[in-house]
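The structure appears right after this line, and notes come after that.
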Amino acid sequence: MGFLLVAGLMSGQVAVAGQAAQQAAPTPAPAPDPNDPPDTVEVPPVSTLATPAFQLPFPCGQSWTGNSSNSSAHRSHEIDFNRGSTAGADLGDTVVAAAAGTVVISAHQGSANGFGNLVKIDHGGGWTTFYAHLTVRSVSAGARVTQGQKIGTVGKTSKPGNNISPHLHYEVRQGAGYPGNIRKAVFNGVTFGYPNQTLTSRNACGGGGGGTNPHTPEEVCGSGFKVIDSAALGTAGTVFLLYNAGNGNNCVAAIKKTSLGTATATSAFLEVQGKARVTDSGSFAYYAGPVRAAAAGKCVKWGGTAGSATYTSPFEHCG
């Protein structure tokens, strides 16, 4: 009898332990929402919760019509932008960053969702913007972008079988929890007139409305070029010297800081020692250049002008 009692107690303990294990089993995490794709790079948290000073995601002076109600895929305050009179008129048009930040997604979403080619920018404080259906993505994940910088072109990419006409799908989000984290879009300090409104971009316009040149020396010179030197052109701009280690080429670009969008006298030049100087000079809205030349193992002289300011280097950066 004593043996049976002990055995019974032991079997009871086993049963209780089994029940406790079942009760302690973790609840499976919910499947991620395909409309909230994970970031591919991490950005350090920013303490400020101030709303970024968003501008329309298109170059200065362009007028675009946004519509938040013409797509069955929209769940909240998303906006689709077009400006052309025909379905394909906007294909390839430039898309720029609505505010400065860090690119945390630059990828084609494949079959995961309808975003197609997507760029997502983290602006700090939990604020992010989405730019979807792009034909071309001009920035990579991890890149730091300025307001008004080109990040891609308008397209119609989506998941297989989803045939759409060219447009920019734009979203502003704050924090997590799609679609509750989608916020009303604000441009130049004014909330978008939902459900539809036509607006003129003040993004990176000279004399106000951003005032940031949307072009970078790396963009002007092309893939593989990295800045190795620069010089101020007064307050009117900066001239940059870049080098491409892959092919041994140098490149010079003069990037304006003032009179953006207005054609003014600007130039950039590059002279490889022992060869004739190459110059790009004229009246330009944003930059002069690119001026490229093979310079592996050679010294170079470089410089440029913006307005009345000029810079000319000695022969340097040899090798």
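Quick caveat, the model's predicted, so the values are computed rather than measured.
- Under the 4.5 Å side-chain criterion, counting only non-hydrogen atoms from C-beta, Glu78 is not in contact with Phe130.
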Could you walk me through whether Asn162 and Ile164 pass the side chain to side chain contact (heavy atoms under 4.5 Å, CB included) check?
CA-CA 6 Å; Asn162 190 13; Ile164 59 176; 3.7 Å; yes

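- Within the 3.5 Å criterion, the main-chain N or O of His77 finds a donor-acceptor partner in the side chain of Tyr194.
- Taking the side chain to side chain contact (heavy atoms under 4.5 Å, CB included) definition, one finds that Phe240 meets it with Pro217, Val227, Ser230, Thr238, Leu242, Ile255, sequence neighbours left out.
- When hydrophobic clusters are built by joining Ile, Leu, Val, Met, Phe, Trp and Tyr residues whose side-chain heavy atoms come closer than 4.5 Å, directly or via intermediates, Leu241 is not grouped with Val220.
- Between the side chains of Asn117 and Arg137, at least one donor N or O sits under 3.5 Å from an acceptor N or O.
- Here OG1 of Thr128 is found 7.0 Å from CG of Asn181. Values are rounded to the nearest 0.5 Å.
- Residues forming a salt bridge (charged side-chain N to carboxylate O under 4.0 Å, His left out) with Arg277 (at least two apart in sequence, or on another chain): Glu271.
- Between the side chain of Ser140 and the main chain of Ala143, no donor-acceptor pair closer than 3.5 Å is present.
- When all heavy atoms of Pro290 and Cys221 are compared, the closest pair comes out as CB-CA, 4.1 Å.
- Thr312 has its side chain within reach of Phe269: a pair of non-hydrogen atoms, C-beta onward, lies under 4.5 Å apart.
- Under the 4.5 Å side-chain contact rule for hydrophobic residues, Val278 and Phe315 do not share a cluster.
- With a 4.5 Å cut-off on side-chain heavy atoms, Asn249 and Phe225 count as touching.
- Looking at Asn82, its side chain never comes within 3.5 Å of a backbone N or O of Gly84 through a donor-acceptor pair.
- Between Val252 and Asn250 there is no side-chain heavy-atom pair separated by less than 4.5 Å.
- The two residues Gly304 and Val239 make their nearest non-hydrogen contact at N-CG2, 4.0 Å.
- Counting only distance, with no hydrogens or angles, the side chain of Asn35 and the backbone of Asn113 share no donor-acceptor pair below 3.5 Å.
- Residue Ala306 comes nearest to Gly237 through the heavy atom pair CB-N, 4.3 Å, listed as atom of the first residue, atom of the second, then distance.
- In this structure, OG on Ser69 lies 11.0 Å from CD1 on Ile79, to the nearest 0.5 angstrom.
- In this structure a side-chain-to-backbone donor-acceptor pair under 3.5 Å is present from Asp90 to Arg83.
- Taken to the nearest 0.5 Å, the CG atom of Asp280 stands 8.0 Å off from the OG atom of Ser267.
- When side chains are defined from C-beta on, Phe187 counts as touching Pro57, because their heavy atoms get closer than 4.5 Å.
- The two residues Lys150 and Val139 make their nearest non-hydrogen contact at O-CG1, 3.9 Å.
- Using modelled atom types, one side-chain atom of Gln147 and one backbone atom of Ala53 make a donor-acceptor pair closer than 3.5 Å.
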Check the pair Leu91, Thr153 against side chain to side chain contact (heavy atoms under 4.5 Å, CB included), reporting the backbone distance first and the verdict last.
CA-CA 7 Å; Leu91 185 66; Thr153 59; over 6 Å; no

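- Between Val95 and Tyr170, every side-chain heavy-atom pair lies at or beyond the 4.5 Å cut-off.
- Side-chain atoms of Thr129 never come within 3.5 Å of backbone atoms of Val172 as a donor-acceptor pair (strictly under, hydrogens ignored).
- The aromatic ring centroids of Phe54 and His123 lie less than 6.0 Å from each other.
- Closest approach of Val186 to Gly189, counting heavy atoms only: CG1-C, 3.6 Å.
- Contact of the Tyr178 side chain with the Arg75 side chain is registered, since non-hydrogen atoms from C-beta on lie closer than 4.5 Å.
- Tyr287 and His215 have perpendicular rings, their planes meeting at more than 60° on a 0 to 90° scale where under 30° would count as parallel.
- Applying the salt bridge (Lys or Arg N to Asp or Glu O under 4.0 Å) definition to pairs two or more places apart or across chains, none involves residues 227-254.
- Note: the hydrophobic cluster containing Leu56 does not contain Val96 (ILVMFWY, side chain heavy atoms under 4.5 Å, direct or indirect links).
- In terms of heavy-atom proximity, Pro166 sits nearest to Val154 at C-CG1, 4.2 Å.
- A heavy-atom distance below 4.5 Å is found between the side chains of Val119 and Val103.
- Side-chain contact annotation: Thr264 with Lys256, donor-acceptor N/O pair under 3.5 Å present.
- Side-chain atoms of Tyr131 come within 3.5 Å of backbone N or O of Ala98 as a donor-acceptor pair.
- Counting only distance, with no hydrogens or angles, the side chain of Ser68 and the backbone of Pro195 share a donor-acceptor pair below 3.5 Å.
- Within a 6.0 Å radius of NZ in Lys301, more than 12 heavy atoms belonging to other residues, nucleotides or ligands are found.
- Here the CD1-CD distance, from Ile121 to Gln149, works out to 8.5 Å after rounding to the nearest 0.5 Å.
- Ring to ring, Trp64 and Phe58 are close: their centroids are under 6.0 angstrom apart.
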Dump the intermediate steps for side chain to side chain contact (heavy atoms under 4.5 Å, CB included) on Arg183 and Thr51, then the final yes or no.
CA-CA 11 Å; Arg183 299 289 179 259; Thr51 306; over 6 Å; no

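- No side-chain donor-acceptor contact under 3.5 Å links Thr305 and Thr310.
- The hydrophobic clustering, which links ILVMFWY residues whose side-chain heavy atoms are closer than 4.5 Å, places Phe284 and Leu233 apart.
- Placement of Trp127 and Ile151 within a single hydrophobic cluster is found when ILVMFWY residues are connected by side-chain heavy-atom separations under 4.5 Å, directly or transitively.
- Going from atom NE2 of His108 over to atom NE2 of His133 covers 10.5 Å, rounded to the nearest 0.5 Å.
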Yes or no on side chain to side chain contact (heavy atoms under 4.5 Å, CB included) for Phe115 and His169, after CA distance, side-chain angles and deciding distance?
CA-CA 8 Å; Phe115 286 135; His169 175 97; 4.0 Å; yes

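- Here Leu199 contributes atom CG and Gln55 contributes atom CD; the two are 10.5 Å apart, rounded to the nearest 0.5 Å.
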